[in-house]
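This report refers to the structure that appears directly beneath it.
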There are 2 protein chains.
Amino acid sequence: MKDNLELLKSYQLKITPQRIAIVEELASHGHLSIEDLYQGLLERFPTISLATVYKNINAMEEKAFVQEVKIPEQKSKYELTKANHAHVVCQECKKVEDVVVSTKVILDEVKDVSHYQIDRDDLVFTGLCPECVVRQSA
Amino acid sequence: MKDNLELLKSYQLKITPQRIAIVEELASHGHLSIEDLYQGLLERFPTISLATVYKNINAMEEKAFVQEVKIPEQKSKYELTKANHAHVVCQECKKVEDVVVSTKVILDEVKDVSHYQIDRDDLVFTGLCPECVVRQSA
DNA sequence: ACTTAAAGGAAAATAATTATCTTCTGCATA
DNA sequence: TATGCAGAAGATAATTATTTTCCTTTAAGT
Ligand SMILES: [Mn+2]
Ligand SMILES: [Mn+2]
Ligand SMILES: [Zn+2]
Ligand SMILES: [Zn+2]
């Protein structure tokens with residue numbers, strides 16, 4: 001927790017109760033949409049404005065403190081920036097999880113085939129989570 | 001060209017001049033946003049409605065005739081559905097290109113690590129295209 | 001405590017998407 | 001080839017999403 005606030009500060013983002021709450025929500029729930037965040041914060045800040053959520057997420061994204069995650073068929077999710085990782089999405093229960101995989105092989109192939117210089121990768125794998133797999137076969 | 005119209009028909013999509021134009025735009029330009037499409041069609045159909053573009057793209061997506069491609073920092077692009085492939089995006093000139101790479105290795109690793117059953121992958125690699133690389137170092 | 005730049009909140013402004021309704025047309029059928 | 005009709009186009013309104021404005025409040029440095 002402390003780390004995140006320090007980090008916020010280091011990114012020239014003024015520490016406010018609303019921002020602390022946003023960081024806590026993201027830290028504890030992981031991948032949240034704007035609406036998710038707003039609903040979560042409403043409980044703690046009954047008067048918070050949706051514009052505040054947008055403004056803060058945009059500011060934090062600007063400073064690369066949070067990152068947008070675009071997922072097929074879903075609203076964008078936001079998460080605290082962390083080491084590069086891929087995502088798995090369950091098309092049944094909609095949950096989104098991090099997955100750390102080695103990208104060297106595919107990155108090399110992409111560079112080789114495309115002749116692009118690659119600085120970033122966004123990898124999303126969609127399917128069924130273990131729970132929904134069993135539920136489906138039942 | 002003919003193929004696409006046959007395909008449209010096979011997807012129970014009625015053939016109209018506007019739809020033919022949408023397919024042609026997508027076939028010749030590849031990855032287009034709603035706005036791109038609208039602007040392109042406006043030249044041929046000065047009275048076309050933006051709603052018509054939305055409705056058609058949605059209908060075609062519904063039938064899996066076209067696919068949405070979500071790209072970081074950009075509006076969604078649409079393309080004619082084709083064999084699964086990844087995308088490279090130039091952060092400088094914004095162009096989007098297809099790239100065919102082998103996904104078996106990474107797919108196996110994702111399945112292994114996450115225990116998800118994976119049905120689909122959306123891979124976007126962002127960087128600099130060959131032209132923008134040289135331009136940048138100049 | 002004082003000062004000030006920045007942040008919050010409410011509301012307005014924009015942008016994006018969808019819905020409704022009327023007119024038109026692709027296309028199946030006689 | 002003529003006819004009927006489901007579905008598509010166009011115009012517009014309505015929703016929904018996102019951003020901006022404006023004024024008040026507050027974090028944080030002095
Ligand atoms: Mn993540
Ligand atoms: Mn493509
Ligand atoms: Zn699931
Ligand atoms: Zn380029």
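Letters A, B, ... mirror the listed sequences (proteins, then strands); counts begin at 1.
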Taking OP1 and OP2 of [N], is either one under 4.0 Å from a side-chain nitrogen or oxygen of [X]?
X: Q12(B); N: dG7(D); value: no
X: Y54(A); N: dT18(D); value: yes
X: T16(A); N: dG8(C); value: yes

From [atom1] of [X] over to [atom2] of [N], roughly how many Å is that when rounded to an integer?
X: I15(A); N: dA28(D); atom1: CD1; atom2: C1'; result: 11 Å
X: N58(B); N: dG7(D); atom1: CG; atom2: C1'; result: 16 Å
X: R44(B); N: dG10(D); atom1: CZ; atom2: C1'; result: 18 Å
X: E62(B); N: dT18(C); atom1: CD; atom2: P; result: 11 Å
X: I48(B); N: dA9(D); atom1: CD1; atom2: P; result: 7 Å
X: L8(A); N: dA7(C); atom1: CG; atom2: P; result: 11 Å
X: L42(A); N: dG9(C); atom1: CG; atom2: P; result: 10 Å
X: I22(A); N: dA7(C); atom1: CD1; atom2: C1'; result: 11 Å

Could you please name the option among [options] that lies closest to any side-chain atom of [X]?
X: N56(B); options: dA17(D), dA9(D), dT26(D); result: dA9(D)
X: R19(B); options: dG10(D), dA9(D), dA7(C); result: dA9(D)
X: S49(B); options: dA9(D), dG26(C), dT12(D); result: dT12(D)
X: T47(B); options: dA27(D), dT19(D), dA11(D); result: dA11(D)
X: A51(A); options: dT12(D), dA5(C), dT20(D); result: dT20(D)

Checklist entry - Contact class for I34(B) vs. all strands (heavy atom < 4.0 Å): base, sugar-phosphate, or nothing? => result nothing
Next on the checklist: Need one value for K75(A): base, sugar-phosphate or nothing, where a base atom within 4.0 Å counts as base even if backbone is also close, heavy atoms only.
Outcome noted: sugar-phosphate
Item to check | Pairwise distance OH(Y116(B)) to CD(E97(A)) - rounded to 0.5 angstrom | outcome: 3.5 Å
Next on the checklist: Can you give me the closest heavy-atom contact between D112(B) and H115(B), atom names plus distance?
Outcome noted: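 Scanning both residues completely, I find the closest heavy atoms to be O-NE2, 3.6 Å.
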Checklist entry - Taking for each residue the nucleotide of DNA chain C bearing the nearest heavy atom, is the 5' side occupied by L50(B) or by T52(A)? => result T52(A)
Checklist entry - Between K9(B) and E35(B), which has a closest nucleotide on DNA chain C that is more 5'? => result E35(B)
Item to check | Greater than 12 external heavy atoms within 6.0 Å of E92(A)'s CD | outcome: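 At most 12 heavy atoms, drawn from other residues, nucleotides or ligands, come within 6.0 Å of this atom.
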Next on the checklist: With no hydrogens and no angle check, just 3.5 Å: does a side-chain donor-acceptor pair link Q91(B) and T126(B)?
Outcome noted: no
Checklist entry - Does the side chain of H31(A) pick up a donor-acceptor pair with the side chain of D36(A) at under 3.5 Å? => result no
Item to check | Side-chain heavy-atom pair K70(A), I71(B) within 4.5 angstrom cut-off | outcome: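 They are not in contact (no side-chain heavy atoms under 4.5 Å apart), so the answer is no.
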Next on the checklist: Could you check whether the side chain of K55(A) and the base of dG9(C) have a donor-acceptor pair of N or O atoms closer than 3.5 Å, going by distance alone?
Outcome noted: yes
